[in-house]
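Following: one structure in structure tokens, then a few remarks.
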There are 2 protein chains.
Amino acid sequence: MKNTLPQFYSVFSIDCVLFGFDGGELKILLIERNEEPFKDWWALPGNLVAQDESLDESATRILYELTGLKGVYMEQYYAFGDVDRHPQGRVVTVAYYALLRLSGDKTPKPVSDFAKNAQWINVNDVPKLAFDHQKIYEKGLEKIKRRIKHQPIAFELLPEKFTLTQLQQVYELVLGKKLDKRNFRKKMLNFGILKDLDEKQKGVSFRAATLYKFDKRKYTKLFGKEISF
Amino acid sequence: MKNTLPQFYSVFSIDCVLFGFDGGELKILLIERNEEPFKDWWALPGNLVAQDESLDESATRILYELTGLKGVYMEQYYAFGDVDRHPQGRVVTVAYYALLRLSGDKTPKPVSDFAKNAQWINVNDVPKLAFDHQKIYEKGLEKIKRRIKHQPIAFELLPEKFTLTQLQQVYELVLGKKLDKRNFRKKMLNFGILKDLDEKQKGVSFRAATLYKFDKRKYTKLFGKEISF
DNA sequence: ACAAAAGTGTTGCTTTTACACCCATGG
DNA sequence: CCATGGGTGTAAAAGCAACACTTTTGT
């Protein structure tokens with residue numbers, strides 16, 4: 001870091017919009033801040049990027065610290081860099097969204113220093129957020145809306161074995177609209193990327209649905225990287 | 001900027017992939033560096049973000065310094081933050097692409113301090129680039145490939161008045177494949193977002209083509225923000 | 001008159017949409 | 001036996017893909 005670079009003091013941070021699907025609801029993980037600025041406000045989980053970690057590594061670490069999970073699907077989607085977005089200085093933040101399967105109980109636990117609380121909150125009940133996190137969240141939602149139409153990201157929100165109805169719920173929640181059941185099933189099954197597990201749902205008090213699994217192998221063969229849900 | 005933020009020395013920069021369409025070719029603007037590191041290498045135009053400017057402002061400024069143009073269509077698309085991407089320190093760069101109409105002569109002029117030369121180079125002849133600019137450029141191209149299918153960005157590359165053939169050329173160059181003339185025209189005209197100017201091309205030594213203009217008004221009315229070319 | 005590009009329709013195929021009832025299961 | 005969601009087909013409409021020749025203009 002020689003004399004060409006220096007200019008002024010600045011840092012970068014990562015903010016994550018963690019989406020989780022759970023029993024028919026789409027939620028995001030919010031933390032309640034325990035420090036100034038914005039003490040007691042709800043905010044997206046985030047942190048500063050350390051010296052020796054790349055942006056992706058940083059995002060992975062932050063998510064791990066929050067949830068204890070590794071191998072979660074994450075994707076960077078936008079950098080927010082308004083001059084005054086952080087009251088304490090120049091902080092450019094790079095936003096990631098992550099998609100993960102909530103199995104009922106997977107409540108957030110650790111929670112970093114400056115949070116006193118972390119909660120999964122339905123995307124329809126998101127409160128006012130600290131900093132410019134409202135904007136960050138909205139753009140994240142927009143991104144996955146767009147991406148779910150062309151890439152198989154819905155499966156990241158579901159358990160490994162899922163029913164077609166669950167899959168449809170994910171699409172409906174993300175896209176924010178109802179879909180026709182018959183057409184949806186026809187289309188999904190026609191892609192040939194779902195493996196019928198010859199296995200039924202258990203523990204439901206009605207006719208048990210068939211379980212499916214996303215066939216990644218076939219997907220990559222068939223589509224390379226493109227599809228149109 | 002109090003005691004909560006400080007961590008280590010870092011800066012952010014902007015790098016731009018400037019796309020230009022000109023006489024049947026899709027080009028990008030590259031500069032030849034005049035300074036270490038990567039002296040004499042070709043690179044994407046870029047610069048450090050100043051203290052009092054947002055990312056968008058910085059991108060706009062950089063583009064202005066290079067081309068003397070304002071009001072150019074630009075869009076941020078990705079932040080690159082590998083630890084070692086810059087040999088002199090921790091530099092996270094935010095990449096933008098810009099689309100602009102080259103009217104034959106609009107050769108780049110000013111060129112910043114650390115460049116000795118700037119040139120429009122056909123996207124098929126892009127040389128090895130400094131830093132991780134190869135990756136940045138490729139991702140930028142990918143982005144516009146995707147975006148041109150859903151948003152009316154092709155018009156940003158064309159003069160205000162253009163022929164259908166020119167429009168088709170833009171699509172073909174960006175997408176990297178030939179399209180059927182009749183189908184293309186049918187589709188475009190059916191959208192109803194092209195205004196027929198009742199005016200013909202001039203100065204060509206063959207049958208003059210009708211000139212059209214993008215009808216932004218109608219576009220926003222009809223599609224809000226979505227379309228499928 | 002020729003070279004160069006402009007302009008123009010039809011057909012078959014695929015995809016999308018709209019739509020309603022019976023079935024299996026657990027309580 | 002009832003409540004709950006599971007599962008299924010068809011027909012009409014729209015959209016997409018393939019395809020070749022005539023027209024206009026300048027030189």
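Throughout, protein chains are lettered first and strands after them, A, B, ... in sequence-line order, and every chain is numbered starting at 1. Quantities reported herein were computed from a predicted structural model and do not represent experimental measurements.
For B/Lys200 and D/dT24, a side-chain-to-base donor-acceptor distance below 3.5 Å is absent, hydrogens and geometry of angles not being considered. In terms of polar N and O atoms assigned as donor or acceptor, the side chain of B/Arg207 comes within less than 3.5 Å of the base of C/dA6 in a complementary pairing. Between the side chain of B/Lys187 and the base of D/dG15, no donor-acceptor pair of N or O atoms lies under 3.5 Å.
The distance from atom OH of B/Tyr212 to atom CZ of B/Phe162, rounded to the nearest 0.5 Å, is 9.5 Å. Taking CG of A/Asp125 as the start and CD1 of A/Ile28 as the end, the distance is 10.5 Å to the nearest 0.5 Å. For the atom pair CZ of B/Phe184 and CG of B/Leu164, the computed distance is 7.0 Å after rounding to the nearest 0.5 Å.
Distance, B/Lys186 NZ to C/dG7 C1': 13 Å, rounded to whole Å. As rounded to whole Å, 15 Å separates atom P of C/dG7 from atom CG of B/Asp180. Atoms CG (A/Leu211) and P (D/dG5) sit 17 Å apart, rounded to a whole Å. Distance, B/Asn190 CG to D/dC16 C1': 12 Å, rounded to whole Å. Atom-to-atom, CZ of A/Phe184 to P of D/dG9 comes out at 18 Å; the value is rounded to the nearest Å. Between A/Leu179 atom CG and C/dT16 atom C1' there is a gap of 13 Å when expressed in whole angstrom units. When rounded to the nearest whole Å, the span between CG of A/Leu164 and P of D/dG7 equals 7 Å. Spacing between atom NZ of A/Lys181 and atom C1' of C/dC22 amounts to 11 Å, rounded to whole angstrom units.
A/Phe229 does not carry A/Lys149 over the face of its six-membered ring by the limits of under 6.0 Å from the centre and within 45° of the normal. A cation-pi arrangement is absent between A/Lys143 and A/Tyr77 under the rule of less than 6.0 angstrom and at most 45 degrees off the ring axis.
Mapping A/Phe206 and A/Leu189 onto DNA chain D by nearest heavy atom places A/Phe206 at the nucleotide closer to the 5' end. Sequence order on DNA chain C of the closest nucleotides to A/Ala208 and A/Ser228 puts A/Ser228 first from the 5' end. In this structure, B/Asn183 and B/Thr165 both approach DNA chain C, and ranking their closest nucleotides by distance from the 5' end singles out B/Thr165.
Close to D/dG7, at under 4.0 Å from its OP1 or OP2, lies a side-chain N or O of A/Arg185. Applying the 4.0 Å criterion to OP1 and OP2 of D/dG7, one finds that A/Thr210 has a side-chain N or O inside that range.
Nearest to the side-chain atoms of B/Ala209 among the listed nucleotides D/dG9, D/dG6, C/dA6 stands C/dA6.
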